[in-house]
**Student:** 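Starting off with a structure, shown below.
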Amino acid sequence: MLALSSDIPTWAHRLPAGRKFAALFGASLAIALARSLPVQGAILVAAVALYLSCGPAFARAGLRALRGLAVIAALIGAWHWLMGAPETAALIVLRLLSAVALANFVTMTTRLEEITALVDRALAALRTPAVLRRRLALAIALTIRFVPVLSDKATRLTEAWRARSPRRASFRIVLPMAIMAIDDAEQVAEALRARGGV
Amino acid sequence: MERSIALIALFAALIGALALLPGLTLGFGVPITAQTLGVMLCGTVLGARKGALAVLLYLLLIAIGLPIAANGGAGLGVFARPSVGYLVGFPVGAFVIGLVSSRFANPMGFWPATLAALVGGLVVINVFGIIGMWIKLDVTLPVAIGYAAPFMPGDVIKAVAAGAITAALWKARPGLAAQRG
Amino acid sequence: MTAPPRLRVDLTDVALARDGRPVFEGLSLTLTERRVGVIGRNGAGKSQLSRLIAGLVRPDRGEVRVDGIDVARDRRAAIRSVGILFQNPDHQIIFPTVDEELAFGLTSLGLTRAEARARVTATLARFGRQDWAGRNVQTLSQGQRHLLCLMAVLAMEPATILLDEPFAGLDLATELMLNAILSALPQRLIHVTHDLGALAGYDRVVWLDAGRIVGDGAPAAVIAAYRAEMAERARHAGTEF
Amino acid sequence: MTAPPRLRVDLTDVALARDGRPVFEGLSLTLTERRVGVIGRNGAGKSQLSRLIAGLVRPDRGEVRVDGIDVARDRRAAIRSVGILFQNPDHQIIFPTVDEELAFGLTSLGLTRAEARARVTATLARFGRQDWAGRNVQTLSQGQRHLLCLMAVLAMEPATILLDEPFAGLDLATELMLNAILSALPQRLIHVTHDLGALAGYDRVVWLDAGRIVGDGAPAAVIAAYRAEMAERARHAGTEF
Ligand SMILES: Nc1ncnc2c1ncn2[C@@H]1O[C@H](COP(=O)(O)OP(=O)(O)OP(=O)(O)O)[C@@H](O)[C@H]1O
Ligand SMILES: Nc1ncnc2c1ncn2[C@@H]1O[C@H](COP(=O)(O)OP(=O)(O)OP(=O)(O)O)[C@@H](O)[C@H]1O
Ligand SMILES: O=C(O)CCCC[C@@H]1SC[C@@H]2NC(=O)N[C@@H]21
Ligand SMILES: [Mg+2]
Ligand SMILES: [Mg+2]
């Protein structure tokens, strides 16, 4: 499925989602508040250890998810270094990497259903009416369905373009795509109503 | 109601689909992306309330792990990146766009939609983005404003595109105007 | 009050416009047969008729009742009595996984989560698709998606099932299989299609044209008249199409 | 260099994967007939084959040539030699008016605006649709949109036309009319379809299954074998589908 969650089963997958999110919240707070380099360094080491504890394949997948950020972090660090603030540079890079790495870790080890269930429980605890929660669950599910459907439509129109032109498809396919997508949404709304709606 | 939910979900997905188009990431860690076009369309087509809801839904889905942030980013980690200010600004921007365009007799016309997209998309979102980079990157405010400058030409183009697409959609599906809100 | 009439679809003097253009202007129709086919040209109004009978759209004038229920107003009762299968499964599948898709209609009926889960399992078992539990719908083939939509409708156990060209674009084997499932169903079927062969064993065929009924009766007679008329129109297509 | 072979489609040891799953692994096929049908189950690879022949996708291995042109690489020549009609006109029509839609392919061929306009007028006249000039595509019916797509392809005068289930969901009169237009065309047709009756007068039928050719030859023989196999599979559907 379209999601960051990893298929490789690990010990962290078995932890309750609520506890993982609470721990992440605590860790994020610590990362934001601590101004000491050794503390930040220790946090990053702990994050790396977490990934490694889940096996090499999982750690590689985690690294892949971080690759783009690592480049950015390096550039930001270099910039601050050149501006004569190596201390700040190290702090920013460490913070960025640990915060994103830990958050990704939680996301990778929690299945989508568990997270949506957690959101639902949290809203219930906040006394959100059941009707609203059902609507939200529905909206989440629909969006997950629509992303691949949209990219499929985009592919089809791009091919229809390329079948009649040697040049690359231009922004002109955006309008027919938008119209098609809106018509689809109307159809889906009807299918929803046919089975009880909201 | 079903129709509103389907449209809100569709536009949330649309922002996600646009975010996946390859963008150019600038040195300080914020990419030039087509996402903003999606956010602008939320405001111009769905109106203030539904537009903002669609953007919030998009953010929620990033948070729960769908790879639909810029460059396929996913999960809570996305909110720890230097671009977090922009993400926070997205729903506010969509809301403002909806409000501004509603002040016109023909909210889905080209000029009202473009103007609203400029106000909410160019101004509001970038203000949030600048504050985000100011805090996140530990730079002075003028430097943060300097960082945001390269996005402006692209964001102007996106606002005009949002206006044109909205007007064309309105012509093709006049019924859309009635559901704004 | 008298008992509600069973197994009847009643349209009484129905008018409906879409985007200001009239589709039906005073259509009346009563269906009591178990197998009814609906045929007609593109744009004749077949899909709008299905939407009316499923209660998805409210007539501008007149009334639509299925087994005595005003399907456009009493939605709670309507989803128990009518199910609808659209042409494109991608317009109908709402959820990313098979279970969620099947459970959705059941929880709308008021079943608890646990009851819904049990009924989902039973439905999958009935079609020998136990292994689909938890499966991502993206990984299903086209034919499998059609079957999923059909299962989602059947799980809700409606007395009437509307089929709006459910099998366009399916391969022969899948079509034969789904047709075998359909013809074994005890429910009443109202089947909109361009595949005239599919209506052979039906009890009645209704031919719609421009929102009016122009043919109605035993399949053989109505379909023969329809074929003749279509061949005639195709001949004049150069000027009239 | 020798003259390019005329009226030939050559696939040589073609491999293609989608999302990491192989669709073709070493497919070779040469087509020289004027009317070729392609049949097979959902997911057999018919649409991927069409995309290869139209040059919309580059094979991972091997070569696809149409009349000697490497269609995936030489796009400029390819759009002159192959046209493709998809199943759903809504996936194909890009522009808001009939003229723009027809002119698009022509200007890509290098015609000037004036030349393109003249050819658009001529194409509309050829089908007796002069009154469509300037018309908004939204106002066309489903059948009319199919015809528009066909005209857009024909205006480009390709030697080969690929049809990927072009007529699913059309009414009988429209289908008869479009079939009459198609059979009168001088071009080579490669027609992917589940409507086996449509291939009756063809020169050759190719039956694809799981990316391999399992039947090839005169329509009557291949189609009869296909029907038998599909009926067989439908019988075992409970366990295998
Ligand atoms: N969403 C819509 N907006 C405006 N008009 C519509 C809409 N849907 C259908 N119509 C019009 O209503 C009429 C009946 O359309 P309908 O879809 O019921 O035809 P149909 O018989 O199902 O045709 P097909 O065989 O092509 O499915 C047509 O004239 C069509 O143009
Ligand atoms: N966009 C895609 N991404 C991944 N796999 C795909 C994609 N399109 C097709 N496939 C796979 O390629 C194979 C061949 O598909 P293809 O669309 O060519 O089948 P087909 O013969 O045209 O079927 P149908 O009769 O349903 O149109 C299938 O197994 C399908 O799952
Ligand atoms: O990480 C994300 O997903 C958010 C990226 C935000 C990029 C912002 S949006 C406004 C401005 N215009 C651009 O093209 N990029 C930035
Ligand atoms: Mg219809
Ligand atoms: Mg196909």
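So that the names make sense, note that chain A is the first sequence line, chain B the second, and so on, each numbered from 1.
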**Student:** Say you draw a straight line from CD1 of D/I94 to OG of A/S165; how long is it, rounded to the nearest 0.5 Å?
**Tutor:** 8.5 Å
**Student:** Other residues, nucleotides and ligands only: do more than 12 of their heavy atoms fall within 6.0 Å of CD on A/E87?
**Tutor:**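 Check fails, neighbour count at 12 or below.
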**Student:** Got D/I93 and A/P176 here, is their nearest side-chain heavy-atom distance under 4.5 Å?
**Tutor:** no
**Student:** Can you list every pair that meets salt bridge (Lys or Arg N to Asp or Glu O under 4.0 Å) and has a residue in residues 44-62 of chain D, with sequence neighbours left out?
**Tutor:** A/E159-D/R51, D/D13-D/R61
**Student:** How many angstroms lie between atom CG of D/D90 and atom CE of A/M177, to the nearest 0.5 angstrom?
**Tutor:**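 Here the interatomic distance stands at 14.0 Å.
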**Student:** Between A/L175 and chain D, with a heavy-atom cut-off of 4.5 Å, which part of the residue counts as in contact: side chain, backbone, both or neither?
**Tutor:**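 For A/L175, there is no contact with chain D at all, as no heavy atom is under 4.5 Å.
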**Student:** D/R75, D/M156, D/H91: which one forms the most heavy-atom pairs within less than 4.5 Å of chain A?
**Tutor:**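 Looking at each of D/R75, D/M156, D/H91 in turn, D/H91 comes out on top.
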**Student:** Is the side chain of A/R162 donor-acceptor paired with the backbone N or O of D/L56 at a distance under 3.5 Å, no angle test?
**Tutor:** yes
**Student:** Of all the heavy-atom pairs spanning A/A160 and D/F86, show the shortest one and how long it is.
**Tutor:** CA-CE1, 3.9 Å
**Student:** Could you tell me if the side chain of A/R156 sits less than 4.5 Å from the side chain of D/Q87, heavy atoms only?
**Tutor:**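 Sidechains of A/R156 and D/Q87: no contact.
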